[in-house]
Every structure is written in C-alpha cells, then in structure tokens.
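Accompanying notes for the structure given below.
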Amino acid sequence: MGNSGRSAGRTAAGRFIDFKAMGPFMALVALFVLGALINDAFLSSGNLSNIFTRSAFIGIIAVGATFVITAGGIDLSVGSMAAFISGAMIVVMNTLIATLGAGVETVLLGIAVSVVLGVAAGAINGLVTTRGKIEAFIVTLGTMGIYRSLVTYMADGGTLSLDFAIRDTYRPLYYGDILGIPVPVVVFFAVAVGGYVLLNMTPFGRKCFAIGSNEQVARYSAIHVDRIKTLTYVIQGLCVSIATIIYVPRLGSASSSTGVLWELEAIAAVIIGGTMLKGGYGRIWGTVIGAIMLTTIGNILNLTDVISNYLNGAVQGLIIIVAVLLQRGDWRRKKN
Amino acid sequence: MTIKSKFLPGILGAACAVALGFAATAAQAQEKIKIGVSIPAATHGWAGGLNWHAGEAEKRLEAAYPNLDIIIVTANGATEQANDLEDLVSVQNIDALVVLPFESDPLTVPVQQVKQAGKFVTVVDRGLSLPGIEDVYVAGNNPELGRVSGEYIKGRLDGKGKIVILRGIPTVIDEERVEGFLAEIEGTDIEVLDMKHANWNRDDGFEVMQDFLSRFPQIDAVWAQDDDIALGVIEAVNQADRADEMFIVGGAGMKDIIKRVMDGDALVPIDVLYPPSMIATAMDITALKFVSNGAVEGRYILGATVVTQENASNFYFPDSPF
Amino acid sequence: MKNAAKNAAEPVVSGQLRLSARQICKSFGAAQVLFDVPIDLYAGEVHALLGENGAGKSTLVKILSGYHAPDSGEIVLDGSPVSFDSSEDGEARGIILIHQELNLADQLTVEENIFLGREMTRGWFLDKAAMRDEAARLLAGLQCDIDPCTRIRDLPVSDRQMVEIAKALSKQADILILDEPTAVLTGREVDILFDQIRRLRERGVAILYISHKLDEIKAIADRVTVLRDGSHITTQAVAGLEKDDMARLMVGRDIAQMFPDQIADPSAPVVLSVRNLSVPGQVYDAGFDLRRGEVLGFAGIVGAGRTALMEAIIGLRPRSSGAILRDGQPVVIDNLRDAGRCGIAYLTKDRKGSGLLLNMEMRPNLTLLALDRFGRFLLNRKAEDAALEKAIAAFDIRAADRTTKVGDFSGGNQQKLLLAKVMECNPDIVIIDEPTRGIDIGTKSQIYHFIGDLTAQGKSVILLSSEMTEMLGLSDRIIVMAAGRITGILDGEDRTEHQIMRHATGISDNQGVSVHG
C-alpha cells in the first residue's frame, strides 16, 4: 500500500482500454501476426493444431498453478510430479497387462492410479506447508527433488517405456480427436472452463483470492485458511495428473528428463496471464493464453532460421518480459 | 579385545579398538586391489545405461577376480564429482581410478591430483583439458559418429535429397558430431533444410520434428543424432502419417531403437553406436592392468559401429535400462 | 466567511513566514479533490489542519511535502517559489511528513530505522555505536524510554510513533507535518507527544498538525485551517474558537446529537455469559454477562487484555480455561465459524490489517464473512450486488464507483464497509473493537447511530474503545480491565471518566469484582 498515493492517480482514459485484461491477449495476437509473417506454414491447420495440443500439458498444469499462486502459494514440484506420475502409470499398466490384458480396463486403472497419486502428492505439499508452517517454496523444492529421484529410481536411471501391446488402446487419448479437435485441446479447454468457474464463481475461489491478498483478513472472516490452501495444492496435483494422463500416450515413455523445468514454464504462463505472483489476484483465461504464448514462441523459433539457435532462450526471455510489461501497463503513467 | 577392555580404562579400550580397526582395514587393502569408478548420476537415458553397464561390469569383474574391489560413486555435478574423487583417494585409498568427467575443464585438476597421488588413472569419453594426465583413455568417436551417419544417408539417398537435422544440447560433443556429418555430405546434392536443437530429449525431439513437418513438404531423411531424439521424431512422423516418405538415423544404441532395427522397421533402418557400455570397456582395461602382465596404457577409441538388421542382436541388451 | 479567514490569516506567534501555498488545485482522474486551497505556515507555530475524512487534508500535505505535484497553484518556501520532484526533495529542504500509517521497517531495529538510507559510516563500515548513541540521544529528548536496539515489530504502536518523530528530528526537520499522530496513542503518550511538540515550537519549528480530534486542536494548536470537500473554509486563531464552532465549520452543519439515546432494559435476559475465562499471560479468570439490547463497554489502557479476551471468546485465540453460555446454554466456540453459528460477530480494530482486503473492491469484501449465504457451489452475483446495494444505502458508504479498491477509501468509508461486512452474517451479538479510530466527527456520529440502531433491533453490542467520550456516550454498562483482570463494573451514575481511570490504573482495591453487575 506504500505507493497508494502515486497509483491513485490513474486516469479515466487508462480504464478505457483495460490493459490488465487485454495485455496477454494482445501479445498473443502480435505473436501470431509475427508467426504468419515469418512462415506461411504457421497458420496451417496442422501447425495451429500442434501449437494448441502442445500447450495442453503446461496449460493444464498452469491452471492448477493459478489456484496455488492466487492463494499466495507456489508449487515447484509439478514438473517432477508429472514425471513421477508418468513413470508410476507406465509401471502399473505394464504390470496389469499380464493379468488384465491390453484392454481399456488397464488404461482406466492406470488413469485411476494417476489421479490418486496426483491428489495425494498435492495433499502432501499442502499439508506440510500449512500444518508444518513451512514456506511453500521450501516444501515443494523438497518434493521436487523427491519425485525426480523416485522416477529415476523406478527407471534405473534409464527410460520407462509403455508396453507396445497397450499403446494402441491408449494412443487416441493424445492422437485422437473429438469433432476434429484434438483430445488434449478438448481436455485443456474443459479444465480451463472448470478452473474458471471454480476460481471466479464459487465461494472457494473467492476464498483463494482473500487468502492470497491478506491471510489475516481471511482468518478474521471465518475462512479455514489452512484447509483452502491445502485444497489449492490438491487441485494442482489433480491438474498435474490430468496433464500426465494425456502426456503418457504421446511418447509412451517417462524418464528422469521428463517434465524438467515444467514448473517454471507453468509459473511463467500464470504470470504472463496477469495473475499476481504475490497472490490475491488470478485469471484463468490469462493463464491459458500465457501457456499458448509460451508454446507459440517455441514454434515460431522452429519455423525460422533467421535467429541463431543459440539465442532461442534469449528470445523467449525477452518476449516473456515484454508480455508482462504490457500486461502490468504501469509504464504508461509514470508520473501525474 | 573384550578381555583387555575389562582390565583397562574404557577410554584406552576404545582407542585400541579404533587402532585395531584401522590395522584391519589396512591389511585388507593390501590384499585387495581397489578400483574407484566415478561417473555422472543417472539423470538421463544414456547416463542410465552408463550406470547399468558399470554395475554389471563390477559384478562380472569381482566374480572373475576375487582380489578386485570396485567402488562406484555417482555425482550430480562437477563439484560433487570433484569431492567424490577426493574421498576415493583419502577415505577409500584406491589403487586405480576410472572416471567419466562431468565436464572437462573443472575436473582436470582434481583428476591430476589423483594421478599425483600415485594412482592409475583411466579417463572415459570426455578428455581432460591438459595432456598426459591419464594412463588410459577410452572414448567413443563423436566425429566418426557424425561421419558414419552422413555416409549412410548419402548412400541411401544416392547423394541427392532433402534432410533435416535435430541437434543435441549445444556442447562440444554436439559440435563434433555435426561437423563430422556435414563434412561427409559436402559436395553432394543433399540439402540440409534446417538444424534445430532438440537437447537429446524425447519431448523436444517430438516438438521440433512436428514443426519441421509443418514447415517442409518434402523430407527424405532425418538425422536425429541421438536415440532419445529419434524416439520423439518417430512419433511425430507417425502422427503426420508421413512415415513412407523418409527414414531416420539416430545414435547411441538404445535398446528400443536397436529392437526396431532388429525387427526391420523401415523408418529406422540403422543405428550408430555410441555405447554407454564403454565404461565397462574402461573398467576391463583398468582391471587388466592389475591382473595381467600385458601393457594396457594408451588410447582406446571405439568405432562408431553401424548397427544393421544383420548384426543388431549383438548389441541388444533387453535388461539394460537404456 | 472567506473575508474573515483572510483577516485571521495573520500568525498568532511572531515567527517568520516559512511555507505558503496559494490556489492549490488537484484532481485524481475525473475527481477534483482540492479547489484553490491556500495555507500559510510560520516558524514557531502549531497550525492545525481540520476536516472530515475526504476533505482533502492528506492530499494537501502530500503536495506540501512533495509526494504529489499540484495541478495548479504555487508553493513558496522562504520567499521563493519551489516545486518538489519527490518527497526526498521536500525532505532535503527540511519538510518532513509523518504518515498516518507509519513507514517503518518492521524487521529492523529502532536505530536502523532512524538512520535508514543515511547510515553513519566509519570508512567502509557502519558506525553502529555512533548511530546507537545518536538514536538514544534523540529518543531521550522525546522522554521516550526505548532501547535503540529493539526491533520495530516488538514495539507498541505508540512507541513506533515516537521513533518516527525521532527520525524526522534527526533529519533536521524545521517544517514538520504530522498526519493524525495521536490516532493510535494512549492518553499519557499524547501528553508526551504534546510536550515534545511544544518544545519543537519553541525551537522555531513550524508544525502542521492534522487531526479531527477537536480537544487536541484546542490543546495544542495556535491557528486552525478548516477544509471541507476540498475547499478552504477558514483559517482562524484557535483561541477564539469553541469546539462546537470547529465541529460546525468542519461538518458544515450542526451535529445535533452525537450519540443515540440509550434504551437498554436492565431486566432484559442475558444472552451471553462468560465464566472464568483465561488466556495464558493475557487474561486471568474473566467473566461477565451481556444482556439483550445493551451496549456493554470494555475500558482499559492498552495491553489490559480486552482484545485478547474478545478474541478468546470468538475462538481466534486459544484459551486455557473458561466457559461460554449462549442464552444460558453452554456452547463450544473453537473458531470464528462456531462463533458465527452462535450469532456472535467480531469487528476488528485493525481494519487494514485484518478487516478488509484493500486490493479488492467492495463486493468481495462485503460478502466475505457470510460467503456461504451467497451460494453453496456457485456464487450468486445478483444476490451479492443486491446486498451491496443495500449495505451502501444502510451504512451510507460513499464511494465514487464500485470498482474502486477498498484501500483507496477514506477511513470512515472503510469502517462503514467493515461494519456492513460483519452485519452481513446477521449476528445477534456484535463485538466492536475501536469503532471510530482515525475517523472524522461526522462519520463517527453516524457509526454511533448505527450502533444505536443495532441495540434498538434487540441485538447486543460489546464495545471496546480507548476514546472516553465514546465509551461513556454509548455504553449502558462499562467493564474495566487492568493487567488481564476485570477490575470493575460500572453502572448508572458510576459511569464516569474518573471511575474508569481509577479501575483502569488499578487504584481501586476491589480486584476481582463479582461477575454479575
């Protein structure tokens, strides 16, 4: 609140175009224009389908991260968690093939395992954070290492591969489509809609906002702060599990390099989308756009050889910063 | 000992116990030859294979030569590996070291110190930055891997066609392989449409290949350089339903790829070896130094063997994680 | 009125004109908050700036000290026009504003705060000893017994105020602007502060003193400038003004009746009983009865354990013993939800820290406590908007528009919103802790009447307040606490300031009075 005096000077004109809401969307449109200019193939239906499908993993995880971050927390363990759950799913399904055969039952059981593990992993993050009164950063940094080691251990340091017998049964969950829209995109959209309803239209979402903006006020407003915070981590875990369910059929494998840095990509998507890293304000649609933006940057870089490969990271970093600058919009009114 | 400690003050007894313990260890060490093996932890597929082969070689060598004691330590980074080296010398008191350095520069001096402590040193895969430290050098041949791959693609395409290249993580290894490849196809009508880094990672391989497929209507061959990348490329090509149009050349010798070659998969006709089992080779050579009277010092560069359907079964290890 | 103002603009003391502003205008967005406001400040005077919340006092002093630039108008310092780029610029010229919300770094010590940003050094290193000595000297000058090595977070608010003043003095301020410095101070601390202000005045410091406490202005100020709705009303010598005159000038009308009529029925049934309640280290064996329709005051000096007792009753603080009876039936209250189920609501005294979400607009704030009433799974926006509509009307909340963040509201409007928020869960018993801290007299009166309305509806109110007039004006009975114990229960004629102080300071010897008043 220290700068309330200065920021009180926002003008009526500033409200006319809501930069905060439109910023990420405009940045995405700009990226698409750039992509179309760079290569004709960019706007081909195949490429667009690739972009949206690829965005699904990070996007679904980022929807969960929006809850955690809105309620003032952070979860660094999602990438490792995704790798661990993928590994566990593959091991379980490979084992079940012997008894249940390579049918739908095996896949459904694999999915069930994924959901149970995701919810449990989220609950562990949440409970240790709230009950143990330890900063979420440290707790999830710890579980990040644990899950990463577990998947390495399960794979003996190598790669866990899904039995080829079951791949054909499971394959449509990534490669299939519903009414011409790839399944991952449909799932992503459904998760985003669900996330939007939960965050913006329910008492639970409102409580997340309240806790993120001031935990003390939330406590004095008869909100079970610990319970709500734990639930945000459970939602995060569930989202990781959903992302994993559609990730596994893509390559049918998991290794210790699966999901590396996904946590940072998810957090970046959330922040690009306009959610405040310190909590108290979250936007699911912003997150969705943020996730699509991150994928689009990578896609555009793959479609051109104008920029040296060695500079890819720099371009990505630059675009992320510009997108957030646009979205914060404060640069427009430095002084009264 | 127990009788003694009844008569002597407790503290003296304890001191005796410690002293005797040391003596026992020292005596054992005199009987057994200790070989320390320091390698990167299994954080990616190839390193996983490395760990597996090191473990297998330990079992095999210790069974064959009862007076050998092999100690494997794994590190997650150069600093950790340097600490491991110190411990191997000071705590374990090894006679020989087999080391696959995490990075060349930071580990040159730590390995040099092991050498100066009078140990026999075998360096694997990544050479040190100063010459003359190691007694034995065992390595795969990165430029040769690139060259052999180029040679095959050149032959298959009759010196004419369009290819894409998926590179690894920007490092010296990646540079050497790509240079070897490009030199081999120079002067032919093979056009490299583009090269992108896929970081020796399946997911990146999948996505980069998806984008290549959107971008280029005709691709005759893919040089994926690495089997992890190749696996991602295979899925992307199958998704785009363009498997008939091209073939893929990977590298390393991952069992999944070797299996495809063995089964005659048209999409993956060959693989080029850069085997993680080179650690076993290095351990064998080092062991020979102590159990045979033949000279072993020198440089051992493994060929970049081409795996074809005919010879694939020789390189297929179904139990290996890689 | 304006003519009279010009005549009275002459200083009462014979100092030199230091700072003067002419025709200051300022707008935030579409809303103009200052209209052609003038002010003069002479060396060696205490000049009070009086006005309701939202009158533009804070904006004016922020302009004078360089936090804001005026849209138009002129500021003259020692005869030459100036324009400050920033508050640092103002401070460099000896003008220091001490904010209502103190700007101290909680985790740093007193000494570190005083010298923050201009640390004394010896060579490359901090000269801790010198800073500690200087801090101790400054604090001693304020007759303030604070160890310079204490961390700010361990100090009571009143001591923090003293640290702010010491910090300003260490910057050689000769124009000192105090924005409601006594809002969080107790009576004794106010006296010390006033002594210090008088001493500064003798040293020739020009002091601009913002307050809406008329007593204080009477006591300390030489002249007073009154602002109303962003316009200058008058500048006069305080000597010729009565408190009623000042209130009228400030509000623009007579405040007919400050407090509502008291209507409590002494034979009404007891709705809440507390027995033998203890909180380790804070409250010992406290018990009382609350009747239907009464205002039960809790008086005592800061740290007497009143807030701890109330927070223990509603389950916000663990208690080591004690029973709570609601309408004669024992109830278990372990958290605020339980309290809500028993029809008990609590209005915190810290409206910014634990009352309202300052970065949000009104609607989510209003319904936060009673959120479950607005939908089990999906929130009913329409119901929320209707509730907001109703609350704005019922509590006279004046906000420019509904998307304004609550943090930008005046204190009075925040307090009204907080009251509305608590009433959303429709409690029978309302515990109100410091209902009018930092609020102007017009809004105060409104809030008193809201409290009167509650009791008229048959609800009961527990009032915690450190303002004596409010305690006496509102309460039917007054319980006095000292050092964690209830030391007196005052009823009828006994409800006097003298009696309260006697019990609050422990002069009375009837410790541990009977529970039933």
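Naming: A, B, ... by sequence-line order, numbering from 1 per chain. All values below were derived from every heavy atom in this structure, side-chain atoms included, with hydrogens, water molecules and symmetry-related copies excluded.
For the set C:L316, C:I314, C:D338, the count of heavy-atom pairs under 4.5 angstrom toward chain A peaks at C:L316. In terms of heavy-atom pairs under 4.5 Å with chain A, the best-connected choice from C:G355, C:A345, C:G375 is C:G355. Between chain A and the residues C:N335, C:L356, C:N365, the most heavy-atom pairs under 4.5 angstrom are made by C:L356. Contacts with chain A were tallied for C:C425, C:S58, C:P364; C:P364 has the most, counting heavy-atom pairs under 4.5 Å.
There is no contact between C:R351 and chain A, counting heavy-atom distances below 4.5 Å. Neither the backbone nor the side chain of C:N380 has a heavy atom closer than 4.5 Å to any heavy atom of chain A. Looking at C:F374, neither its backbone nor its side chain comes within 4.5 Å of chain A, counting heavy atoms on both sides. Heavy atoms closer than 4.5 Å to chain A are found nowhere in C:T59, neither backbone nor side chain. Looking at A:F204, there are no atoms closer than 4.5 Å to chain C (heavy atoms on both sides), in backbone or side chain. For chain A, no part of C:E424 is nearby; none of its heavy atoms comes within less than 4.5 Å. Both the backbone and the side chain of C:L357 have a heavy atom closer than 4.5 Å to some heavy atom of chain A. The part of C:K421 that comes within reach of chain A is its side chain, from C-beta onward, which places non-hydrogen atoms under 4.5 angstrom from that chain.
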Would C:R363 and A:R206 satisfy side-chain contact (heavy atoms from CB on, under 4.5 Å), going step by step from the backbone distance to the final call?
CA-CA 11 Å; C:R363 183 163 44 85; A:R206 184 69 62 77; 3.4 Å; yes
Report the C-alpha separation of A:I223 and C:L368 in whole Å, then their side-chain angles, then the decisive distance to 0.1 Å, and conclude whether the side-chain contact (heavy atoms from CB on, under 4.5 Å) test is met.
CA-CA 9 Å; A:I223 293 171; C:L368 194 59; 3.8 Å; yes
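Contact between A:P203 and C:F377 at its shortest, heavy atoms only, is CD-O, 3.1 Å. Residues A:G280 and C:N359 approach most closely at O-ND2, 4.2 Å, considering heavy atoms.
To the nearest 0.5 angstrom, C:L358 atom CG is 8.5 Å from A:S213 atom OG. Separation of atoms CG (A:L198) and CG (C:L378) is listed at 9.5 Å; rounding is to 0.5 Å.
The number of heavy-atom neighbours closer than 6.0 Å to CZ of C:R402, taken from other residues, nucleotides and ligands shown, is above 12. Few gaps surround CZ on C:F35; more than 12 heavy atoms of other groups in view lie less than 6.0 Å from it.
Within the 3.5 Å criterion, the main-chain N or O of C:G353 finds a donor-acceptor partner in the side chain of A:N214.
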